[in-house]
Asker: 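To start, I am sharing the structure in question, which I have written as structure tokens.
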Amino acid sequence: MATVPVLSVNNLEVVYDDVVLVLRGLSLDVPDGSIVALLGANGAGKTTLLRAVTGLLVAHRGKITKGTVTVGGDDLTGADPADVVRRGVAQVMEGRRIFAEMSVEDNLRAGGHSRKRAEYREDVTRVYDLFPLLAQRRRGTAGYLSGGEQQMLAIGRALMARPKLLLLDEPSLGLAPRLVEQVRDIVVQINGQGTSVLLVEQNAVMALSIASYGYVLEVGKVVRDGPAAELLDDEDIREFYLGSTPDSGRRSFAEVKSYRRKKRWSA
Amino acid sequence: MTEPLLDVWDLTLRFGGVTALNGVSFTVGRGELFAVIGPNGAGKTSIFNCLNGVYRPQRGTITLAGQRVNGRSPATIAGMGVARTFQNLGLFEQLTLIENLMLGRHHLMRTGMLAGMAWWGRAKREEVDHRAACEEIVELLELEPYRRIPAGLLPYGVAKRAELGRALAMSPTLLLLDEPVAGMNVEETEDMARYLVEVRRELDLAMILVEHDTRLVMDLADRVLALDFGTPIAMGTPEEVQHDPKVVEAYLGGAA
Amino acid sequence: MTTFLTNVFAGLALGSTYALVALGFVVIYKSTGVINFAQGGLLALGAYLGYTFADNLAIAFAVSILLACAAAAIVGASVERLVLRRMVGQPPFAVIMITIGLLFVIEPLITAIWGFDNLPLANPWNIQTVEVGGLVLGVRDLWTIGITAAVVVAFFLFFRYTRMGLAMRATAFDPEAALAQGISARRVYATSWAIAAALAALAGITLAAGPGGLSPSISFIALAAFPAMILGGLDSPAGAVLGGVIIGLAEALTRGYQDQLFSWAGANVSLIVPYLLMIVILLIRPYGLLGTKDVRRI
Amino acid sequence: MTRKIAALALGLTLVLAACGGAGEDDDGGGGSAGAPGNTAGFDGKTIKLGVLTPLSGTVAVIGQPLTAGNEVWFEALNAKGGVAGKYKVELVQEDTQYKTDIAVQKYNKIKSDVVAFTQVLGTAPTLAVLPQLKTDKILAAPASLDALWVREENLLPVGGPYQVQAINAMEYHFTDGGGTTSDRICTMIQDDVYGEAGQQGIDFAAEKYGFTVTNTQKFKVGTENYAGQIGALAGAGCQVVFLVATPSDAAKIWGTAAQARFAPQWFGQSPSYTGALAKSAVAPYMQQSVLIVSEGTEWGDNSVPGMTQMVADATQYASDQEPDYYFAFGYNQARAMTAVLEKAVELGDLSREGILRASNELDTVTFDGLTGDYRYGATEDRNPPRSSTVFKVDPSKPFGLAKVKYNFSSDAAKEFEFKKADL
Amino acid sequence: MSGARGTNRAQGKPHRNLVRSYEQDLRLFGSPMSKVGLGLMLATLLVLPTVVRDDFWLSVLIYSGITAIGAIGLNLLTGYCGQISLGHAFFIGAGAYAAAVVGGDLGLPLPVWLLASAAIGAVLGGLIGPFALRLRGHYLAIVTLGLIFIGEHLWRNLRDVTGGNNGTSVGAEATVGPVDLGALELAGENYSRNQGYFWLVWALVAIIALLAKNLVRTRPGRALRAVRDHDQAAEVIGVRAGRYKIGAFVVSSAIAAMAGALFGSYQQHVSPDDWTLLLSIQYIAIIIVGGLGTIFGAILGAIFVGALPALIDEYSSAIPGVATEAGGDGFISVFALNQAIFGLLIVLFLVFEPRGLAGIWFRVKAYFKAWPFSY
């Protein structure tokens, strides 16, 4: 038996507005010190899973109706977001969500909200070491940073909580390929410093290229999981979640077969 | 190509110090599917916002079928036959799908407040007639099971389709599609591609497609315009643009 | 000249009170997105609590002010805890209506406890005056201006430099992102209500300490502070203070020159001047002097 | 479908006709002399009277003591056997919140349970129920000193209207006060009906005595800052200011005046004052500069029989009642209503018409010095008291007021005509 | 009709409940259940005043009906078009004064003074247009709040029309031709003023509710809701948002003014104290408690807010520790308590049902539709 996983989700069910069932018995583990990729189409429940872990479901009228979430062996099912952060789980939300009106430094201060005052210096130095650019712009207003810089700030802000586990929600979304690569390198670097990472991505190539293990989600359930390399090679996965690779000879979208309906369109 | 449907000349748009569009010119022929690509922040959506009057460009002209477009209000431009879908879903969430489609026909209807109150004569006739027109779109896009569901509760893929439906309900001559397959998996993308192909085949309609999914663009578009930071860097057939070194450099970066 | 300066002084004193109330509105609005119609009720409650401390319990006035602010803060936080917390995520209309409902509850409770009569609040200011350079200034007015200035400075330091202040700014900007940083939204909301109630109490007591004493109608002043809040910009604390002062001055000066300049407009036109001013300014700047534009992207 | 609804409607109309209207249920109106017959609000033993008054909200500060005054009078009366020594009186109180629509609803609620209304508080609520009082032929005693009421058949006012107080105040100023018509006389009035009544009195006096009103300042109830008005009065050099206000505003006004060191001779209309003011920080200023014009005598003045009785009653039936102007008003109101009821019993008819007739045939009612005697009777012959008393502020007195000039009527006040208002 | 839904000719005569054409689909009272419901409601309104002959309850219901009319107007503006207005009381007041002039001073009959006040309301509502175009949300709300105070200033100073502080009597009689609803005589029976006004007011509630319902389910109504949900997106698909914002103000204030005219006509006397902020707040309470964006909710809300205080009033005296008379024993007077209970009920109600009475109503309907398969 290996060490306790840093995050373990068991048979989780989540319901929004008391009606919409979004996760239906989802289980996954993030082993300590690893990068785990979570793939799936829009609406598969990836973001919901992250919310269920961090307690942010409350902000969306969602509720865990079944299952457990444990962090380092402690049960945190349905815990208050502040507690979750204090237990060492930090999240970089989709769309970055930096505090655009505040300065870069104030963003980082907010990120360190759960930490003791005395530790702030040390934490912020660590982040500035990782992102020297943020140190240059520390007094600048965060909203004026470029898209890539904002993503760095969002990650830096999450690191201010000194997390054991970092949850990254679509960090490559809306970034040019060059920036995606930068983000990928940063994630590897962070992981190298001992932080486990759960990486939610649409960009499956990017995610699987750095992850050790991957899960594929479809309508709230894990439909496939395995070592990242194995998933990268799997034909079905390639077809449905990666699209084509240069040599797979996919058919053109212009030629997708269209069956006729009973009635003709008439303008 | 004879006289183009849409003629965009030297479009320049600035916000404060930032230049969102810089001397963008292109034409779109009748029935043509024209695509705009470029990395994030390249100004793709800004073109749309200029085309339908949400933004006022500082310089340049936009002409649709010989009529000047820029300087007019969005509602007027909609009446001229420009329809649009939105990147982040512009459906009216609390209205049902069929009501959203009927709103697409708003500019084709005449019932005013008093006539609507009375539910009499033309008001009633109009509702019935235009409802029939909407039903055809429901059928074309296979939206039958969702008629009475508030748009906010529609699954993502269906909502994207519904938005296309609303744009079609406007009986447009020019259809602007803002990332119609963003966030979709391959299967859903194929579905959407099929609808687009079919709409194109059935209706003599020009389309401008802004899309991140380059494969879809390359497969469907007649011509492609590539932008980088608001400046046009290449225009031509998909193949030409795809192999343009400037495009490879700017858009695909070292990763290509 | 003396008349002018007297009116300016009266305007500043009145404006200070408006500023305190408007600041309370803004604090709650910024963090929770709700205009708190119960603010007037909290103001009256704070003033009556001050009366109980200073008169019934004969505690020194300065201490009574602090106690009343503290007590009002507890009431404010409890209201948030017991009622408004349950409304997180509900339609804003329903939440606004709840604050109106709270006002309907607080006002009769006040009259049930303290009655309807005018009560004299034991205080060291009353109608005393000092003479400064030929101007006769009310001691109460001077204190009101001074206390407001001090509180406003303290407020901005708090917002700028403390952890809680930062947490409140973060929550105001993006509640969910703030939650994700481990900022407890509950504590932020409760703190906003506590601060707003304390500010209201302070405004109430300084008002009641004047010659007029204390009556349930004191809560009306909160309505008069609405234009101050809007004029400055709903989500701008600095705007609330600026708006308060502008409205106070406009009202006092119009009143002071009613006979000479405004007799054509009917009696008491000074009371609607704040609204007229607000309307004119909003037509020029739709988000007030310092408010941020609410940008909806498509 | 349409036809079906039409048929339904027709059917319903028939049902309606069967159910019948709400036409007045005929109640035995009791005829000639002898014991009055049972009627709405009278079961042969107990007479019920309605009270429509704000018992919650900001105006309850007036409604509460006024109603207490009603209660104390009737409890004392009941202890003596009741109306005509045999019919007990019971009050049916309803809260109007000082809103006209609520007043109309509450009026409808209790109108068939009472023989008359012994209190309807406020000008607007009274005007709102007046049309119905006329239709229903019910008598009501309005609790305000508006001159509007004097010529209304369905209303039973008490006391000298505000105009009389204002005129007598000027009379006092020119005689005992040593003033002259060349004084700069000003007014400061609340911007409502009450304020206008006072202003009317001063304007009438100005004509009679030949002075001009130098300056008039209006204010809205509940204003927080009076520096502007006081500045204007001071700027106009006012030597006399007639104030029409309610206590909490009056306190702020006099406080602001004190702060501005503006000290003319103030005359305050009776409701401007309350006992608490004599204990407040403004009291020294008021002692020096303020006179209150009212009716009757000092609280607890044993030389006036009415006062002795009222204080005794208050002590017995409402032990924690503070001396209060509105309490006395309510007490007097109840007394006038009692006079009407006595007359109605004498005529042997406690029905609505009977009570209206009684009020018409009533002669002068005396209030034993609490307020001036009121000559009732047919509306055109009614003559309200023209007398006033001027008080000065004296914190050593129970209500903080000491008589300066007791119960005098000026010729000008006697000449003031009360016209039937076009309501 | 090119019916897309089940023209089951092949199977013979279609089931009578089956929708066969769009016209049927668009019918307001399409299902048998809603027909029965409509019939029952109409029957209740017709019979009620002859059963409940108590003047108190009739007057409570008359005022509730009047506020229901005003609330429908406010709901069109706020619930459907998303424009918050605290100035409703201003338009109601304007309507009442218009009725006083047209119905009272000029002595014209009911249809004339009712429509005249609607016209005045419409014009005044149109004047707010520029603000509606330029301001959003709370900013607009507070500007309309200013309307209350500016209005009050006008009412106190335009003495010729409003009677100043004294107020004015409203002689607008409820007469249509030879019929006087204030003293109705039908088939030899006399009906009281309260009965007559009950029928008048509630018939108007029904008519205005029907008109409003038609408005919101047709082109302009969809446009209003689109503007509410996202005004810029609405513009892009061809809805002139500005025009509809102003239109909503015009229609809503016209309806408000009619409510005011009825208020004046019933009460026969109005004064500036009648049109305070409290009245506006009461209207806001009605549409929120009733449910934003539903016509029926506005009516339910008006009954709730109008009749609840009367109910509390009836039963609160049974609570121990409560003084039922001025100066009586007890910790709190029953009257203050009534106010507090009213506030508390609103708070509790919204905590548990933020979507208002209409939310409950829809849930009940959904339950019966799904019956016996409840979830």
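Reminder, nothing fancy here: chain letters follow the sequence lines and each chain counts from 1.
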Asker: If you tally heavy-atom pairs under 4.5 Å against chain C, which of Arg86(A), Arg51(A), Met102(A) wins?
Answerer: Met102(A)

Asker: Assess the side chains of Thr47(A) and Asp169(A): does a donor N or O sit below 3.5 Å from an acceptor N or O?
Answerer: yes

Asker: Where on Ala100(A) is there a heavy atom nearer than 4.5 Å to chain C: the side chain, the backbone, both, or neither?
Answerer: both

Asker: Does one side chain, of Thr48(A) or Tyr16(A), offer a donor that lies under 3.5 Å from an acceptor on the other?
Answerer: yes

Asker: Heavy-atom distance under 4.5 Å to chain C: side chain of Arg115(A), backbone, both or neither?
Answerer: backbone

Asker: Got a donor-acceptor contact below 3.5 angstrom from the Arg184(A) side chain to the Ile210(A) backbone?
Answerer: no

Asker: Does any backbone or side-chain atom of Ala178(C) lie under 4.5 Å from a heavy atom of chain A? Answer side chain, backbone, both or neither.
Answerer: both

Asker: When only pairs under 4.5 Å are counted, which of Ala185(C), Ala167(C), Ala177(C) shares the most heavy-atom pairs with chain A?
Answerer: Ala177(C)

Asker: If you measure only the distance, is there a donor-acceptor pair under 3.5 Å linking the side chains of Ser172(A) and Glu201(A)?
Answerer: yes

Asker: Of the listed residues (Arg117(A), His113(A), Met93(A)), which shares the most heavy-atom pairs with chain C below a 4.5 Å separation?
Answerer: His113(A)

Asker: What part of Ala110(A) gets within 4.5 angstrom of chain C, counting heavy atoms only: side chain, backbone, both, or neither?
Answerer: both

Asker: Using a strict threshold of under 4.0 Å (side-chain N to carboxylate O), is an ion pair present between Glu119(A) and Arg162(A)?
Answerer: no

Asker: Can you tell which of Arg157(A), Met160(A), Gln91(A) has the highest number of heavy-atom pairs within less than 4.5 Å of chain C?
Answerer: Arg157(A)

Asker: Look at the aromatic rings of Phe25(C) and Phe226(C) and report parallel, tilted or perpendicular, splitting at 30° and 60°.
Answerer: parallel

Asker: Which atoms of Ile98(A) are under 4.5 Å from chain C, going by heavy atoms: the side chain, the backbone, both sets, or neither?
Answerer: backbone

Asker: Can you tell me if Tyr144(A) and Gln150(A) form a side-chain donor-acceptor pair at under 3.5 Å?
Answerer: no

